[in-house]
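Below you'll find the structure, written out as structure tokens, and then a few comments.
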Protein chains: 2
Amino acid sequence: MKRSIAGGEPCVQSCADCTVRPRSICAALDQDELRQLEQLGHRLQYRSNEPVFNQEEIVTSCYNVLEGVMRLYKLLPDGRRQIVSFALPGDFLGISTTDRYAISADAVGPVVVCRFVKTLFSRFAEDRPNLLRRINEFATRELSEAQEQMVLLGRRSAEEKVACFLVKWRERLAQIDTATAITPLPMSRQDIADYLGLTIETVSRTFTKLERDGVIEIVQGGIRVADAARAEALAAA
Amino acid sequence: MKRSIAGGEPCVQSCADCTVRPRSICAALDQDELRQLEQLGHRLQYRSNEPVFNQEEIVTSCYNVLEGVMRLYKLLPDGRRQIVSFALPGDFLGISTTDRYAISADAVGPVVVCRFVKTLFSRFAEDRPNLLRRINEFATRELSEAQEQMVLLGRRSAEEKVACFLVKWRERLAQIDTATAITPLPMSRQDIADYLGLTIETVSRTFTKLERDGVIEIVQGGIRVADAARAEALAAA
DNA sequence: CGGGCGATTGACGGTCATCAAGCTGTGTGG
DNA sequence: CCACACAGCTTGATGACCGTCAATCGCCCG
């Protein structure tokens, strides 16, 4: 009996040593507010592929991602899946104001989140313009990214999709970690396919083609961008 | 010299007789706030196909749509276009917090908007939690719609895309107008194609197929849904 | 009536999905 | 230590769906 009903395992720690705070919504809070919000948040960890919440469920919580990668997706009744986003440390899940989750979320690898009870969080935020503005920023940035993704899904070829994904993924990681020579891809080929509106076979073939063309190098658990200029040309905004 | 630099023609009127207020962000305001905001807003009209703002331009304004339909889209350097949304009366444009528009917007048919200078609007909103929460609601609803659209673009067939579009468009109009027997489609086939990630030919063929199958009837300037059940089955959420 | 634009229809081909087989690396058990 | 199984990935063969190119239609308006 290791898991609570909501899934995830508790794990103690405090805001004081929260590494993602500067990039999270919490950056909008002053010392006093931070102490108050700390009372409301609890850390949880999830194992690889463990679900965090599901489309259609009643919204009970919202989350700050602290560590790891999550996939956010929607399913069609027949099982077709579209990943709408990968969430990284600093991202906030559960902004939505409706009473049911619009998407499902699960852990790609091991994940640590800071969980808030939605009603308490909302009450905390409702009369704090600084936090509301911060949440606005997050929402509009997400919206803008969603619009970018719509262009990709609707108007780009398979090769452009893959190149675009790799370039943007690399940029996102660069904003978090110290940039590394190889770009890790913790998600499966199937995840990438479902993110790009392709099949796993097409993703695989396109990776191979990009490698043959000298644009990337496929390594264990990730890729190395061999020709950044060419990669960005393919991803041409 | 009929147009100001920003485009659009001024046209006087007041919040008192604003028909979209209950569905717009302004519904969050009390009488006093409404009077203040009225000082900041100015009505403008745009003609068919007139641009309202463009991707990459410095953000100077935000808008409430009062009448008409607008297309919101992104362009790739080579001219490929993806329409990310059609805006209807009550929608708010320019939520974005960045300094440049992420998308372009223009009038599909004649359009009336209520324009605010962005800096003044932001100053007005910044310490009003009621308005900020309302804007949050709008942003998250838009995000949710964007996610729906990603599923459509990435995972649905041409026929599903068209059926889905027609069903949702009809629902949106129903929330505004009194529902009519025929559903007007003010946008061109090209617009629909660019919204669904298809070509104009495929859209046209799919319309014809849906008509042959008795699902819809194509009429001047719109369609009539002949078999709502079948249409919704094709659009199956 | 004729020009022009948007929409429709047709013929054809390419891109990517589908189906299927083979590969690679990792963990397991003898 | 090696055989085996399994899962994820890659590769190949084939074909469907939808894009491309082109012609025609229908309608509006001068």
Side-chain angles (χ1 to χ4, degrees), chain A residues 47-49 69 71 76 78-83 108-109 151-166 184-213 216-223 234, chain B residues 47-49 69 71 76 78-83 108-109 151-166 183-213 216-224 234:
Chain A
R47 292 185 298 277
S48 282
N49 299 310
V69 180
R71 53 180 160 255
L76 290 177
D78 62 3
R80 283 176 287 180
R81 184 178 73 158
Q82 179 66 43
I83 292 182
V108 168
V151 180
L152 179 143
L153 291 168
R155 288 296 177 224
R156 286 185 181 281
S157 70
E159 190 172 15
E160 290 173 321
K161 284 177 174 179
V162 171
C164 208
F165 164 67
L166 292 176
L185 294 174
M187 70 291 287
S188 69
R189 293 288 190 270
Q190 185 64 63
D191 287 338
I192 297 174
D194 287 347
Y195 182 59
L196 300 177
L198 299 171
T199 59
I200 186 175
E201 294 94 333
T202 300
V203 170
S204 186
R205 270 186 261 272
T206 308
F207 269 86
T208 306
K209 178 175 188 315
L210 290 176
E211 183 167 49
R212 270 201 319 269
D213 295 353
I216 63 170
E217 214 174 290
I218 302 171
V219 299
Q220 200 41 269
I223 58 124
L234 283 171
Chain B
R47 290 185 300 275
S48 283
N49 299 311
V69 180
R71 55 181 159 255
L76 290 177
D78 62 5
R80 283 176 288 180
R81 184 177 71 158
Q82 179 67 43
I83 292 181
V108 168
V151 180
L152 180 145
L153 292 169
R155 288 296 177 222
R156 285 183 181 283
S157 70
E159 190 173 16
E160 290 174 320
K161 283 176 175 181
V162 171
C164 208
F165 164 68
L166 292 175
T183 304
L185 294 175
M187 70 292 285
S188 70
R189 293 288 190 270
Q190 185 64 63
D191 287 339
I192 297 174
D194 287 347
Y195 182 58
L196 300 178
L198 299 171
T199 59
I200 185 174
E201 294 93 332
T202 300
V203 170
S204 187
R205 269 185 262 272
T206 308
F207 269 87
T208 305
K209 179 177 187 313
L210 290 175
E211 183 167 50
R212 268 202 317 269
D213 295 353
I216 64 170
E217 216 174 289
I218 301 170
V219 299
Q220 199 41 267
I223 58 124
R224 208 180 61 75
L234 283 171

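Given the structure is predicted, the values throughout are model-derived calculations rather than measurements. In what follows, chains are A, B, ... by sequence order, proteins preceding strands, each numbered from 1.
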Quiz item: For Q190(B) and dT20(D), what is the distance between atoms CD and C1' respectively, to the nearest whole Å?
Solution: 13 Å
Quiz item: Taking atom types as they are modelled, is there a donor-acceptor pair under 3.5 Å from the base of dT8(C) to the side chain of R212(B)?
Solution: no
Quiz item: To the nearest Å, how far apart are I200(B) CD1 and dC5(C) P?
Solution: 14 Å
Quiz prompt | N or O in side chain of T202(A) less than 4.0 angstrom from dA17(C) OP1/OP2 | solution = yes
Quiz item: Of the nucleotides dT10(D), dT11(D), dA7(C), which has the atom closest to the S204(B) side chain?
Solution: dA7(C)
Quiz item: Under a 4.5 Å cut-off applied to non-hydrogen side-chain atoms, are L210(B) and T208(B) in contact?
Solution: no
Practice problem: Round to a whole Å and report the spacing from CG of L198(B) to P of dA16(D). | Solution: 20 Å
Quiz item: Just how far, in rounded Å, is P of dC17(D) from CD of E160(B)?
Solution: 12 Å
Practice problem: Taking all heavy atoms of I192(A) and all of M187(A), pick out the closest pair and write down the distance. | Solution: CG1-CG, 3.7 Å
Practice problem: Would you kindly check whether a donor in the side chain of R205(B) faces an acceptor in the base of dT20(D), or vice versa, at under 3.5 angstrom? | Solution: yes
Practice problem: Give T208(A) one of three labels, base, sugar-phosphate or nothing, depending on what nucleic acid heavy atoms sit under 4.0 Å from its own. | Solution: sugar-phosphate
Quiz item: Counting side-chain heavy atoms from C-beta on, which of dA17(C), dG19(D), dT8(C) comes nearest to T199(A)?
Solution: dA17(C)
Exercise. Could you state the atom-to-atom distance from CG of D191(A) to P of dA7(D) in whole Å?
Key: 17 Å
Quiz prompt | salt bridge (Lys or Arg N to Asp or Glu O under 4.0 Å) between E160(B) and R80(A), intermediate numbers included | solution = CA-CA 13 Å; E160(B) 290 174 320; R80(A) 283 176 287 180; 2.7 Å; yes
Quiz item: What nucleic acid atoms does G197(A) come within less than 4.0 Å of, heavy atoms only: base, sugar-phosphate, or nothing?
Solution: sugar-phosphate
Self-check item: DNA chain D: 5'-proximal contact among R155(A) and V203(A) (nearest heavy atom)
Solution: V203(A)
Exercise. Kindly compute the distance separating CZ (R71(B)) from CD (Q190(B)), expressed to the nearest 0.5 Å.
Key: 10.0 Å
Exercise. Indicate the atoms forming the closest heavy-atom contact of C164(A) with R156(A), along with that distance.
Key: SG-NE, 4.1 Å
Quiz item: Counting only distance, no hydrogens or angles, is the base of dC19(C) paired donor-acceptor with the side chain of E201(A) under 3.5 Å?
Solution: yes
Quiz item: Rounded to whole angstrom units, what separation is found between the CG atom of L152(B) and the P atom of dC18(D)?
Solution: 12 Å
Quiz prompt | Euclidean distance, atom CZ of residue F207(B) to atom C1' of dA7(C) [Å, nearest integer] | solution = 11 Å
Quiz prompt | Rounded distance in Å - CG (L185(A)) to P (dC9(D)) | solution = 10 Å
